[in-house]
Amino acid sequence: MTRNFELPAGEDTLLRCSHFPAQSAAKSLIVIAHGYKGFKDWGMFPYAAAALSREHEVISFNFSHGGIGEDPQNFTELEKFARNTAQREIKDMEILLSYLSQHHKFGSLPVFLLGHSLGGGISLVYALDHPDEIAGVISWNGVTNLDLLTEDQKQEMREAGRTHVLNGRTGQQMPLDAVIMEDLEQQAERYNILERMKQASFPAVLIQGSEDGEKLQRGSEQLVRLRPDIGWVRVPGGNHTFGTVHPFAGATPQLEQAIAATEEFINNILAG
């Protein structure tokens, strides 16, 4: 039975979380991080979390500034979304993982981060910053560069302090403030995933649809070239969401393959 809970995240914000309890003796704790313009209840995430809870404790959550508030399905907090820096998302993960580590049920379990899209990149940076806390990172169609802004958006931020990004599904023009670009510039070294991963040794796997965006595929290719020990599982026919949609219309063979590859990676790590 899924249990929802909330954690204060400072500045009048909350982390809204869902716990999918392990259906058998838990092997690990999996924390699922959604991507840009995503949320924990989007399409495939509840299904994937429930599937992974067969043998693991699973927590999914909404980033505090991801734009989703009390309404779990709609973007009603656009002013928070406008200030959602990478720094803010990493801080959210610190708050959540600190809480989970102190919780008697989760504290003793190895922790795996499963990030989709931008959440994959944020998970890698979190693990780079806290290598001793994380047993491994699973990146589903993940970014290797946290900068998702176009040159036009950056120009508008410089001139007007704010730009917008279209949410293709809802038709909303979602605001983005210059603070997002400034954070990327000020912490460029910290966010340089490819450079930092050269020195890192924590295990990771990239699980990616063969039809995922060209830029993301190129990033994966660069990462596995730098770290040949990182597995790159290609899912034939899988797009950026493994063929799933929102509202969820059921699992796809591609999503099932991503879930199976995730379980295999974790089992291999735990087997040592």
Side-chain angles (χ1 to χ4, degrees), residues 32-39 42-45 48 63 66 84 86 89 113-128 137-157 163-174 176 180-181 183-185 188 191-198 200 204-246 249 251-262 265:
I32 300 178
H34 66 77
Y36 189 46
K37 298 181 286 182
F39 48 98
W42 188 96
M44 66 182 173
F45 292 119
F63 285 104
N84 191 26
E89 293 207 340
L113 303 180
L114 191 171
H116 174 253
S117 195
L118 179 59
I122 294 289
S123 296
L124 286 171
V125 175
Y126 185 90
L128 286 161
V137 175
I138 301 118
S139 179
W140 280 14
N141 294 317
V143 304
T144 52
N145 181 349
L146 301 185
D147 185 354
L148 304 182
L149 300 169
T150 66
E151 285 310 315
D152 287 349
Q153 285 174 325
K154 289 178 183 177
Q155 190 59 33
E156 198 173 351
M157 282 176 166
T163 185
H164 290 81
V165 63
L166 176 68
N167 184 323
R169 183 178 62 83
T170 66
Q172 286 167 293
Q173 286 287 350
M174 303 176 76
L176 301 166
I180 294 172
M181 173 180 69
D183 174 60
L184 289 167
E185 291 171 349
Y191 299 156
N192 189 338
I193 292 170
L194 293 174
E195 192 56 41
R196 290 184 70 192
M197 284 298 285
K198 288 181 193 171
V205 66
L206 312 180
I207 300 173
Q208 190 162 35
S210 63
E211 308 302 310
D212 194 23
E214 188 190 335
K215 194 174 172 187
L216 295 189
Q217 304 229 33
R218 209 162 47 239
S220 298
E221 197 177 326
Q222 289 172 296
L223 181 51
V224 296
R225 203 180 305 136
L226 296 171
R227 281 274 306 273
D229 60 300
I230 292 178
W232 188 11
V233 179
R234 315 301 299 280
V235 179
N239 64 6
H240 193 58
T241 55
F242 299 116
T244 64
V245 293
H246 185 81
T252 60
Q254 290 82 5
L255 176 61
E256 296 292 6
Q257 191 176 331
I259 292 168
T262 299
F265 168 75

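Position 1 is the first residue of the sequence, and the numbers go up from there. Just so it is clear, the model here is predicted, and its values are computed rather than measured.
Shown here are the side chain to side chain contact (heavy atoms under 4.5 Å, CB included) partners of Val165, two or more places apart in sequence or in another chain: Tyr36, Lys37, Phe81, Gln153, Met174, Leu176. Checked against ring-ring contact (aromatic ring centres under 6.0 Å, His included), His34 has the following partners two or more places apart in sequence or in another chain: Phe63. Asp152 pairs by the salt bridge (Lys or Arg N to Asp or Glu O under 4.0 Å) definition with nothing, not counting sequence neighbours.
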- Message: Using the rule given for side-chain contact (heavy atoms from CB on, under 4.5 Å), can you reason through Leu118 versus Glu89, listing the C-alpha separation, both sets of side-chain angles and the distance that settles it, and then say yes or no?
- Response: CA-CA 10 Å; Leu118 179 59; Glu89 293 207 340; 4.3 Å; yes
- Does the pair Phe45 and His246 meet the rule for a side-chain contact (heavy atoms from CB on, under 4.5 Å), with working shown? CA-CA 10 Å; Phe45 292 119; His246 185 81; over 6 Å; no
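Considering every non-hydrogen atom in both Ala127 and Val137, the closest pair reads CB-CG2, 3.6 Å. For the residue pair Asn141 and Leu216, the shortest heavy atom distance occurs at O-CD1, 3.6 Å. Contact record, Gly121 with Ile193: O-CD1, 3.6 Å, taken as the closest heavy-atom pair. Here the shortest heavy-atom pairing between Thr144 and Ser220 reads CG2-N, 4.3 Å. Contact between Ala86 and Asp183 at its shortest, heavy atoms only, is N-OD2, 3.3 Å. In terms of heavy atoms, Gln257 sits closest to Arg234 at NE2-O, 3.7 Å.
When Leu114, Val233, Val205, Ile207 are each tested for a side chain to side chain contact (heavy atoms under 4.5 Å, CB included) with Phe265, only one passes: Val205.
Within a 6.0 Å sphere centred on CD of Glu214, heavy atoms belonging to other residues, nucleotides or ligands number 12 at most.
Remark: the backbone N or O of Gly119 is not paired with any side-chain donor or acceptor of Ser117 at under 3.5 angstrom. Proximity of a side-chain donor or acceptor of His240 to a complementary backbone N or O of Glu211 within less than 3.5 Å is not detected. The closest donor-acceptor contact from the side chain of Ser210 to the backbone of Gly237 lies under 3.5 Å. Under the 3.5 Å distance criterion, the side-chain polar atoms of Thr252 are matched with a main-chain donor or acceptor of Phe242. When atom types are taken as modelled, the side chain of Arg227 and the backbone of Met197 share a donor-acceptor pair closer than 3.5 angstrom. Between the side chain of Asn167 and the main chain of Gly171, no donor-acceptor pair closer than 3.5 Å is present.
Ion pairing between a basic and an acidic side chain is recognised when a charged N comes within 4.0 Å of a carboxylate O; Asp212 and Arg218 show no such pairing.
Atom CG of Leu184 and atom CG of Asp147 lie 5.0 Å apart (nearest 0.5 Å).
Trp140 and Thr262 share a donor-acceptor pair across their side chains, judged by distance under 3.5 Å alone.
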